[in-house]
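In what follows, chains carry the letters A, B, and so on, assigned in the order in which the sequence lines appear, proteins first and then strands, with residues in each chain numbered from 1.
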Amino acid sequence: MATNQVRTRFAPSPTGYMHVGNLRTALYAYLQAKHNDGTFILRIEDTDQGRLVEGATDIIYNTCRQTGLIWDEGPDIGGPVGPYIQSQRMGMFKEYAEKLVEAGKAYYCFCTPERLEQLHADQKAAGEAVGHYDGHCRNLPKEEVDRLLAAGTPYVIRQKCPTEGVTSFDDLVYGHIEVNNSELEDQILIKTDGMPTYNFANVVDDHLMGITHVIRGSEYLSSTPKYNLLYQAFGWDLPVYIHCPPVMKDAQNKLSKRNGDASYQDLVAKGYLSQAVMNYILLLGWSPKGEEEIFSLEEMIKIWDPANISKSPAIFDSLKLRAINAEYIRRLSEEEFLEVAKPWVEQAVHRPVDMALLCQCLHNRCEVLGEIPEQLDFIDQMPDYDLELYRNKKQKTTPESALEALTALEEVLSGLDSWTKDAIFEACKAKAEALEKKNGWLLYPLGIALSGKNRTPGGGTEIAAYLGRELTMERLKAALEKLKG
RNA sequence: GGCCCGAUGGUCAAGCGGUCAAGACAUCGCCCUUUCACGGCGGUAACCCGGGUUCGAUUCCCGGUCGGGUCACCA
């Protein structure tokens, strides 16, 4: 593999849904690679068999594909540093840990779980900080270690961390961070079963895969010193760290996987456009230089700069997502909108209507595709409505004036040759002029008569046009009956 | 609790010693208009608190408060 090339990875655990926080991390990792003409790698970290969820890996694949985060190396397509599924890499980690033992940077620990438990209990009783291993096996004589090993005593391998001094690292987002080594624990590298812990596997894999920029959530900030100590113990080059602030549900809680709209697939199922979701996620904790905030993936790659990642947690705002989604919908061409909207329209409408015209009317009135059926509920079935709906101050209409207007309209429309939006409107307009009334006086009641609602996609003449002549006249007559009481 | 990180309108955020403190979303008003939208124009609304440093702090330093993260043979 070429040196000096930027290599980033997205390394999710297949433990369920992909929520927007994960997706954002993937996006940032992708952008960091692509902005630098680098390589984006997908690695599946499936070593926790207990938490594996059936189908979760496919969700990861599908989500990345749908959102355009195409990986250059990964489980399905391979690459020079595979395998890319962590469970298939298990064999090698122990050797690496043993190298560290030889170098004096790690050691065998024969402490039993019982002793550890007792240790913690004692620490607690003494009012000490609970949790840190006491280094019991840290300086065991070599003969003793050999004897225990030969006897087949169960053991783990622990990292030998310095107990004094300071370990520091630099993060692209958070800057220079220092931690007292006394805070560090001799963490376990290899478990009793011979398998690596996540932290250890992660460091070794990242190095072996040539990862140059580690992009992950800020929850890893406090374990990063231990990662660095590991890199140093091996004599490996440190990656650049880019830690991202968490995505919050509200001021107190992180976004929870289980809560509906947090997951990518749920958002799409609700009628959010993939690109809109990505665009919103981009802006959640990152800001562009200028005022523009709508970007295609290609544009994101161009303008990406990790220095603009914010340090503070960001609350997921579904209202803003809506607004961005609406913006994307509006930017669709008529044809494109028809294509994405049609399935949603067909959910609600089972009558023959002018689909093209209906979608035209819908286009600017739809922020999320999922709300289309609700907007069109009047088409199949005329709802019950209150005659007071005909009263509108601004249009100067009342149930009484509506009777007058609809009577006139019935006459106009029944004599109309061409049933098109323009023809209908022109005819109505002419009638309004003849009656010396404003268009609204005549047409506002038409919309009510045809839909039973005062908020509809399109005005009276447009509804008439897409409903068709027959249904329009039928509803007009029904409305007249209703008005006459 | 120890350690780490953070704090600008309701939300996302720009800012990086001197600004009338950007912008977007939301909200309110007006215009356009066959409803509702779209679009256009305008308004309301913010630097967590206390000390320093400085001629001058939103910006730098210290303390506090609040919030988040982390302290596993989980990942």
Span that lies between the [atom1] atom of [M] and that of [N], in whole angstrom:
{"N": "G67(B)", "M": "C49(B)", "atom1": "C1'", "result": "15 Å"}
{"N": "G69(B)", "M": "C30(B)", "atom1": "C1'", "result": "48 Å"}
{"N": "G50(B)", "M": "A57(B)", "atom1": "C1'", "result": "15 Å"}
{"N": "C16(B)", "M": "C47(B)", "atom1": "C1'", "result": "14 Å"}
{"N": "C62(B)", "M": "U54(B)", "atom1": "C1'", "result": "16 Å"}
{"N": "U59(B)", "M": "G17(B)", "atom1": "P", "result": "11 Å"}
{"N": "G56(B)", "M": "A7(B)", "atom1": "C1'", "result": "24 Å"}
{"N": "G6(B)", "M": "C61(B)", "atom1": "P", "result": "10 Å"}

[X] side-chain N/O to [N] phosphate OP1/OP2 under 4.0 Å:
{"X": "S287(A)", "N": "A14(B)", "answer": "yes"}
{"X": "K191(A)", "N": "C74(B)", "answer": "yes"}
{"X": "R455(A)", "N": "A37(B)", "answer": "yes"}
{"X": "R330(A)", "N": "G39(B)", "answer": "yes"}
{"X": "N364(A)", "N": "C38(B)", "answer": "no"}

Ignoring the backbone of [X], work out which of [options] is nearest its side chain.
{"X": "I177(A)", "options": "G6(B), C5(B), G69(B)", "result": "C5(B)"}
{"X": "S222(A)", "options": "A24(B), G69(B), C73(B)", "result": "G69(B)"}
{"X": "E219(A)", "options": "A26(B), G6(B), G69(B)", "result": "G69(B)"}
{"X": "T197(A)", "options": "C73(B), A72(B), U70(B)", "result": "C73(B)"}
{"X": "E183(A)", "options": "U33(B), C3(B), C73(B)", "result": "C3(B)"}
{"X": "P113(A)", "options": "G6(B), C73(B), U11(B)", "result": "C73(B)"}
{"X": "P313(A)", "options": "G6(B), A24(B), U34(B)", "result": "G6(B)"}
{"X": "L284(A)", "options": "C12(B), U34(B), A75(B)", "result": "C12(B)"}
{"X": "E293(A)", "options": "C12(B), A24(B), C4(B)", "result": "A24(B)"}
{"X": "S310(A)", "options": "A75(B), G2(B), A13(B)", "result": "A13(B)"}

[N]: pairing nucleotide in any strand, Watson-Crick or G-U under 3.5 angstrom:
{"N": "A37(B)", "value": "none"}
{"N": "G6(B)", "value": "C66(B)"}
{"N": "C60(B)", "value": "G52(B)"}
{"N": "G42(B)", "value": "C28(B)"}
{"N": "U19(B)", "value": "none"}

Would you indicate what [X] reaches in the nucleic acid, counting non-hydrogen atoms under 4.0 angstrom: base, sugar-phosphate, or nothing?
{"X": "K254(A)", "result": "sugar-phosphate"}
{"X": "T456(A)", "result": "base"}
{"X": "G460(A)", "result": "base"}
{"X": "N439(A)", "result": "sugar-phosphate"}
{"X": "S182(A)", "result": "nothing"}
{"X": "K437(A)", "result": "nothing"}
{"X": "L283(A)", "result": "sugar-phosphate"}
{"X": "S312(A)", "result": "sugar-phosphate"}
{"X": "Y220(A)", "result": "base"}
{"X": "G285(A)", "result": "sugar-phosphate"}
{"X": "Q395(A)", "result": "sugar-phosphate"}
{"X": "Q252(A)", "result": "sugar-phosphate"}
{"X": "C109(A)", "result": "nothing"}
{"X": "D46(A)", "result": "nothing"}

Could you tell me whether a side-chain N or O of H363(A) sits under 3.5 Å from a main-chain N or O of I329(A), the two making a donor and an acceptor? yes
Looking at R216(A), R89(A), R9(A), which one forms a salt bridge (charged side-chain N to carboxylate O under 4.0 Å, His left out) with D206(A)? R9(A)
Please name the pair of heavy atoms, one in F93(A) and one in P196(A), separated by the smallest distance, quoted to 0.1 Å. CD1-CG, 3.3 Å
What closest approach, in Å, do I463(A) and P457(A) show between heavy atoms, and which atom pair accounts for it? CG1-O, 4.0 Å
The residue, I188(A) or E291(A), whose nearest nucleotide of RNA chain B is more 5′ is E291(A)
C366(A) or R51(A): which one's nearest nucleotide on RNA chain B is closer to the 5' end? C366(A)
Taking atom types as they are modelled, would you say the side chain of T192(A) forms a donor-acceptor pair with the base of C73(B) within the 3.5 Å cutoff? yes
Quick one: the side chain of K394(A) and the base of U34(B), do they pair up donor-acceptor inside 3.5 Å? no
Length of the line joining [X]:[atom1] and [N]:[atom2], which is rounded to integer Å:
{"X": "K320(A)", "N": "G23(B)", "atom1": "NZ", "atom2": "P", "value": "13 Å"}
{"X": "F93(A)", "N": "A75(B)", "atom1": "CZ", "atom2": "P", "value": "11 Å"}
{"X": "Y444(A)", "N": "A37(B)", "atom1": "OH", "atom2": "P", "value": "12 Å"}

Would a 4.5 Å heavy-atom cut-off, applied to side chains only, mark [X] and [Y] as touching?
{"X": "Q159(A)", "Y": "L229(A)", "answer": "yes"}
{"X": "K438(A)", "Y": "K396(A)", "answer": "no"}
{"X": "L362(A)", "Y": "Y466(A)", "answer": "no"}
{"X": "V368(A)", "Y": "L321(A)", "answer": "no"}

Find out whether the Lys NZ or Arg CZ of K482(A) is both under 6.0 angstrom from the six-membered ring centre of Y385(A) and within 45° of the ring's axis. yes
Would you call C38(B) syn or anti, using the 90° rule around 0? syn
Can you confirm whether the side chains of T167(A) and N181(A) place a donor and an acceptor under 3.5 Å from each other? yes
